[in-house]
Amino acid sequence: MNGWQTLLYKEVLRFWKVGFQTVAAPVLTAILYLLIFGHVLEGSVKVFGTISYTAFLVPGLVMMSVLQNSFANSSSSLIQSKIMGNLVFVLLTPLSHWSWYVAYVGSSVVRGLAVGAGVFLATVFFIHPGVVAPLWVLAFAVLGAAILGSLGVIAGLWAEKFDQMAAFQNFVIVPMTFLSGVFYSIHSLTPFWQSVSHLNPFFYMIDGFRYGFFGVSDVSPWLSLGIVGAALVVVSTLAVHLLRIGYKIRG
C-alpha cells in the first residue's frame with residue numbers, strides 16, 4: 001500500500017476495532033427512534049399518500065445515521081490525535097494534504113455507509129421499505145457521507161479541546177440533522193418554516209435519499225443532487241485548504 005492507502009487503512013481499522021461502540025451502538029439508537037416514533041405517530045401522520053409513517057421514517061433514520069457517524073469519525077480522529085499528541089507521527093510523513101483528505105474523509109464514508117447499512121438491515125424486522133431507485137440511494141449516501149466527513153475534518157482542525165468539538169456537534173450538526181425532515185415531510189410545516197427548511201442543505205440530502213426509496217420527494221431529486229454536489233465542493237475545498245496550510249496542526 002502507498003501512503004494514503006496506509007493512512008486510510010489505519011483510520012478504518014481505528015473505528016472498526018471498537019465496532020460495538022462505533023457501528024452497533026448507532027444502529028441501536030436508530031432502532032429505538034423507529035420504535036418510539038413509529039409506535040406513537042403511526043396512523044396520526046400522513047406522508048406521501050399511501051406510504052405509512054414508519055416506512056417514511058426508515059430512510060430518514062438511515063441517512064441521519066450516515067451523516068452523524070461520518071462527521072463523528074473524522075472529527076473524533078483528529079481531535080483525539082491532537083490532544084494525545086500522536087498526530088505528530090502523521091505530520092512527519094511525506095503525505096500530501098490530498099492524502100490526508102482522502103484518508104480521513106474516505107474512512108468517514110466507510111463508517112457512515114456501514115452504520116447506514118446496519119440500520120437498514122435492522123429495520124427489515126419491523127417493515128420492508130422498497131427501493132425503487134438504488135442509484136439515487138447510493139449517490140446521496142456517498143455524497144452526504146463525504147460532506148459530513150469533510151465537515152468533521154474542518155471541525156477537528158478547528159477544535160482544540162473536546163468541549164469545543166461537542167459544542168460544534170450539538171449546536172450545528174445535530175440541529176441541522178433533526179430539522180432536515182428526518183421525522184416529517186416539510187409540506188406539513190407552515191410556509192415560513194418550509195422556506196427555512198429549504199435553506200438547510202441537510203434537507204436536500206435526506207429528501208434526495210428518500211426519493212430513492214419511494215420515487216417521490218418534497219423537491220426534485222435533481223435539484224437536491226445539484227445542491228448537495230455544490231455543498232460538497234464548498235466544504236471539501238475548505239477542508240483541503242486547511243490541511244494544506246496546516247491549520248492548528250503545524251507550528
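Note that the structure is a prediction, hence the values are computed from the model and not measured. Reckoned from all heavy atoms, side chains included, excluding hydrogens, waters and symmetry mates. Residue indices begin at 1 and follow the sequence shown.
- Here the side chain of Ser70 pairs no donor or acceptor atom with the backbone of Gly149 at under 3.5 angstrom.
- With hydrogens and angles disregarded, no donor-acceptor distance shorter than 3.5 Å links the side chain of Asp207 to the backbone of Phe203.
- Between Phe168 and Trp158, the angle of the ring planes lies from 30° to 60°, which puts this pair in the tilted group.
- The hydrophobic clustering, which links ILVMFWY residues whose side-chain heavy atoms are closer than 4.5 Å, places Trp16 and Leu113 together.
- No path of Ile, Leu, Val, Met, Phe, Trp and Tyr side chains, each step under 4.5 Å between heavy atoms, connects Phe15 with Leu28, placing them in separate hydrophobic clusters.
- A distance of 6.0 Å or more separates the ring centres of Phe140 and Tyr204.
- Of all heavy-atom pairs between Pro26 and Val115, the closest is CB-CG1, 3.7 Å.
- A continuous path of ILVMFWY side-chain contacts below 4.5 Å connects Ile227 to Leu138, so both sit in one hydrophobic cluster.
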Side-chain donor/acceptor pairs under 3.5 Å, residues 83-103, sequence neighbours excluded:
residue	atom	partner	partner atom	Å
Asn86	OD1	Ser81	OG	3.2
Thr93	OG1	Val90	O	2.6
Ser96	OG	Trp98	N	3.4
Ser96	OG	Ser99	N	3.2
Ser96	OG	Ser99	OG	3.3
Tyr101	OH	Ser150	OG	2.9

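- In this structure, OG in Ser197 is found 12.0 Å from CD1 in Ile206, a value given to the nearest 0.5 Å.
- Looking at Leu148 and Gln68, their side chains never come closer than 4.5 Å, going by heavy atoms from C-beta outward.
- The distance from atom CG of Leu225 to atom CE of Met205, rounded to the nearest 0.5 Å, is 12.0 Å.
- Ser74 OG to Arg111 CZ: the interatomic distance, rounded to the nearest 0.5 Å, is 9.5 Å.
- Between Tyr184 and Ser180, the shortest heavy-atom contact is OH-N, 4.1 Å.
- Residues Leu57 and Phe183 have side chains in contact (heavy-atom distance under 4.5 Å, counting atoms from C-beta outward).
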I would like to know whether Tyr104 and Leu7 meet side-chain contact (heavy atoms from CB on, under 4.5 Å); could you show each step before the answer? CA-CA 8 Å; Tyr104 281 102; Leu7 184 57; 4.2 Å; yes
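- Between Gly106 and Leu8, the shortest heavy-atom distance links the atoms C-CD1, 3.7 Å.
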Could you go through the side-chain contact (heavy atoms from CB on, under 4.5 Å) check for Val27 and Ser65 one step at a time? CA-CA 8 Å; Val27 171; Ser65 301; over 6 Å; no
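- Considering OG of Ser75 and CG of Leu157, their distance stands at 10.5 Å, rounded to 0.5 Å.
- The two atoms that bring Gly212 and Trp136 nearest to each other are CA-CB, 4.0 Å, heavy atoms only.
- With values rounded to the nearest 0.5 angstrom, Ile79 atom CD1 is found 10.5 Å from Lys161 atom NZ.
- A donor-acceptor contact closer than 3.5 angstrom links the side chains of Ser77 and Glu11.
- For the residue pair Pro201 and Met176, the shortest heavy atom distance occurs at CD-CE, 3.7 Å.
- With a 4.5 Å cut-off on side-chain heavy atoms, Asn69 and Thr22 do not count as touching.
- Here the CG-CG distance, from Leu238 to Leu151, works out to 8.5 Å after rounding to the nearest 0.5 Å.
- Grouping the Ile, Leu, Val, Met, Phe, Trp and Tyr side chains by contacts below 4.5 angstrom, directly or via other members, places Trp222 with Tyr211.
- The backbone N or O of Val182 sits less than 3.5 Å from a side-chain atom of Arg210, completing a donor-acceptor pair.
- The nearest pair of heavy atoms linking Val219 to Ser224 is CG2-OG, 3.4 Å.
- Residues Val137 and Phe209 are in side-chain contact: their nearest non-hydrogen atoms beyond the backbone lie under 4.5 Å apart.
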Problem set entry | Phe120/Val131 under side-chain contact (heavy atoms from CB on, under 4.5 Å): CA gap, chis, key distance, verdict | CA-CA 11 Å; Phe120 179 74; Val131 179; 4.3 Å; yes
> Going through the distances and angles, do Phe178 and Met64 end up as a side-chain contact (heavy atoms from CB on, under 4.5 Å)?
Replying inline: CA-CA 8 Å; Phe178 274 77; Met64 181 181 75; 4.3 Å; yes
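- Without hydrogens or angle criteria, Arg14 side chain to Asn73 main chain gives a donor-acceptor distance under 3.5 Å.
- Checked against the 6.0 Å centroid criterion, the rings of Phe56 and Phe37 do not qualify as a close aromatic pair.
- The side-chain heavy atoms of Leu242 and Ile154, taken from C-beta on, include a pair separated by under 4.5 Å.
- Cluster membership check: Tyr53 does not share its hydrophobic cluster with Leu32, using side-chain heavy-atom separations under 4.5 Å among Ile, Leu, Val, Met, Phe, Trp and Tyr.
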